[in-house]
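Numbered from 1 within each chain, the chains take letters A, B, ... in sequence-line order.
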There are 2 protein chains.
Amino acid sequence: MIQESVKIKDVAQHAGVSSATVSRVLGNKPHVKEDVRDRVLESVKALGYRPSRIAQSLRTQKSKVIGLIVSDIQNSFFTAIVRAVEDVASEQGYGVFLCNTDENPEKEQFYVDLLLDERVAGIVMVPTREQDTPCKEIIHSGTPLVVVDRRVLDVEVDTVLTDNREASSKLVKALIAQGHTSIAAVLPDLRITTGRERHLGMLDALAEANIAMDEDNLYIGPPTAEAGYALTRKLLAKKVLPTALFVGTKYMCLGALKAFHEADIRFPEDITLAAFDKLDMLPYKPNFIYAEQPTYDLGESAVKLLMEKIENPSKTIQFITLSSRLNI
Amino acid sequence: MIQESVKIKDVAQHAGVSSATVSRVLGNKPHVKEDVRDRVLESVKALGYRPSRIAQSLRTQKSKVIGLIVSDIQNSFFTAIVRAVEDVASEQGYGVFLCNTDENPEKEQFYVDLLLDERVAGIVMVPTREQDTPCKEIIHSGTPLVVVDRRVLDVEVDTVLTDNREASSKLVKALIAQGHTSIAAVLPDLRITTGRERHLGMLDALAEANIAMDEDNLYIGPPTAEAGYALTRKLLAKKVLPTALFVGTKYMCLGALKAFHEADIRFPEDITLAAFDKLDMLPYKPNFIYAEQPTYDLGESAVKLLMEKIENPSKTIQFITLSSRLNI
DNA sequence: CTGTTAGCGCGTTCAA
DNA sequence: TTGAACGCGCTAACAG
């Protein structure tokens, strides 16, 4: 039984008023007599009327939907961002249009076009690249935009980041504070901003302590568990092991743990580990030093900033940086 | 520099034709002369024209957006579903409107209303409850609906499920085939359909092998890692341990592993484990028997079914059941 | 306080 | 093959 969609006119007729009055009542506008208002609300309920947000959007030229573009919906890091955006948006009566780019610039472009066609009120986006991003297009269209987690270089845009360099530095400093001087590192390659910054943070800490980084102890590869595993195995094959290991990404760390496990290396007994993320999906609590990333906060800040921009488009560009929390 | 949004009329003027012709060209309708078509396309590109999907929706009374309601966007099970829905939808030019209910019926209701107001083309939904669901409302509105992963009892609706009972039965049968007769079970409580079905599957297998279930070996609680941990500890406190353990959910299994780890119980040496999901986030590959859930397929089937219903609303109700794959 | 009117941007008749 | 005119459902300006 498909019910004929009931429109504002039907409600008006049912309540014996004009559609303008119905609109006023539903929009909580003033200048409506109490009894009329009640009568209208009754009719609304009686007919099961639901205003079409499509028609509203067309008329008012603004929608109550925000676009969210992430690079990997299966990665718990972004999942936390999605969740935060969802929470804040729904609180404000906004819906969320979700797009997953899979780190693929073509899909990213596809979705940007789609969101612009949908005339979303604003966009929160994790860009796939730092250059040639579709950010220009978005800004050019006049749609408010906030970029999260990664920088873009080709255009000035509101951005919310974690301070990877500082977090990385804090981690290595913690190792140094424990007396370690022989520190190895498994890092993501430097094409990715995040990797570069974490590398720099490490160097900051070492420089401050006047410790020279042994190039031999630097292992670099893609930010995957596989690479983390392979690199750590390579490290473990050395005759004399460093006393501490700094691992640059969560997935690499999982790989490193696997290598440790296989080689029956225990930590912190045999080697001290410092890494990102708390790995709380593990059945045991690994005994290591980690920087807890403010993932939810990242999304929350981003979407709140976006909301501000939606309401007040004249705001100037902002750069927000969030710190990680160190757990020892 | 906010660019004034360019509309179909602007394109028409620029190309020296009427807006109707532009519409025809963009809609790939016939009866347009080649040169006119080319001229229009040029103007479209020159002006950077993007048709408003809002206006299109209002005019045609159909949108190219589907709603997706899941109960926990942070759970990898649902994340796989989200991903599948995304993939298929974007392939067909549809956008996805994501809603996270957090297992909260009120949020579920809120989102259902939102999606209906947005006049989405269809909805894929993981319901929070089996009764009093907003499904009735959706169907009543005439919006195509497909329910995933869980049953709803109060209304007939297209549904895509995994066969939990069969998977559970296969797992326990595998244990029996290995010669186990003393089998303990850590199961989610029976309020949840999934839990009930997995319980039944276990009983099926035991009955078929003429093995009586020892009530003492049955541990039941909420489907969380905490509960899995606590229940397994209780189990491990017994004087004589069973030779095998069947765990009913992924998170409970993580808890069980933690308890094992702490008690220094090794598997399969000390006890054989059979559980759901492959736990591939672990740094080591646990040596256990598991049923791999077809999570992606679940989402894929659901959204494909939804697409069919959108195109052909007269289709009859379907019940699709997917099997898990057993890994030993 | 309320109703009438005029579009929002587009697709789709109907005539030409 | 094309264009003029209408209306999708709603809100906002104006008039009463």
Which is it for B:Q74 and A:Y296 under the side chain to side chain donor-acceptor pair (under 3.5 Å) test, yes or no, and what are the steps along the way?
-> CA-CA 11 Å; B:Q74 310 227 56; A:Y296 185 90; over 6 Å; no
Here the gap from B:S23 atom OG to B:R59 atom CZ, rounded to the nearest 0.5 Å, amounts to 9.0 Å
Looking at residues 32-44 of chain A, who's got a heavy atom less than 4.0 Å off DNA chain D?
-> none
Would you call A:K304 and A:E308 a salt bridge, using N to O less than 4.0 angstrom?
-> no
Estimated bend of the helix from C:dC1-D:dG16 to C:dA16-D:dT1 (axis per five terminal pairs, rounded to 10 degrees) | 40°
When you measure from the side chain of A:S76 to the backbone N and O of A:T79, does any donor-acceptor pair fall under 3.5 Å?
-> no
So does B:Q92 have more than 12 non-hydrogen atoms from other groups sitting under 6.0 Å from CD?
-> yes
Salt-bridge present (B:E118, A:R53; N to O < 4.0 Å) = yes
Separation of A:T295 OG1 from A:F78 CZ (nearest 0.5 Å) = 10.5 Å
What string of B, S and - do you get for nucleotides 7-16 of chain D, 5' to 3', if B is base contact, S is sugar-phosphate-only contact and - is no contact with any protein heavy atom under 4.0 Å?
-> BBBBBBB---
So how far is it from A:K62 NZ to B:I54 CD1, rounded to the nearest 0.5 Å?
-> 12.5 Å
Start and end of chain B contact along DNA chain C [non-hydrogen atoms, under 4.0 Å] | C:dG9 to C:dT12
Between atom CD1 of A:I123 and atom SG of A:C135, what is the distance when rounded to the nearest 0.5 Å?
-> 9.0 Å
Give every residue pair that meets the salt bridge (charged side-chain N to carboxylate O under 4.0 Å, His left out) criterion with at least one member in residues 19-35 of chain B, sequence neighbours excluded.
-> none
Does B:I139 offer a backbone N or O that forms a donor-acceptor pair with the side chain of B:T143 under 3.5 Å?
-> no
Of all pairs that satisfy side chain to side chain donor-acceptor pair (under 3.5 Å), the ones with a partner from residues 93-109 of chain A, not counting sequence neighbours = A:S71-A:E103, A:D102-B:R83, A:E103-A:R150, A:E108-A:T128, A:Q109-A:D113, A:Q109-A:E137
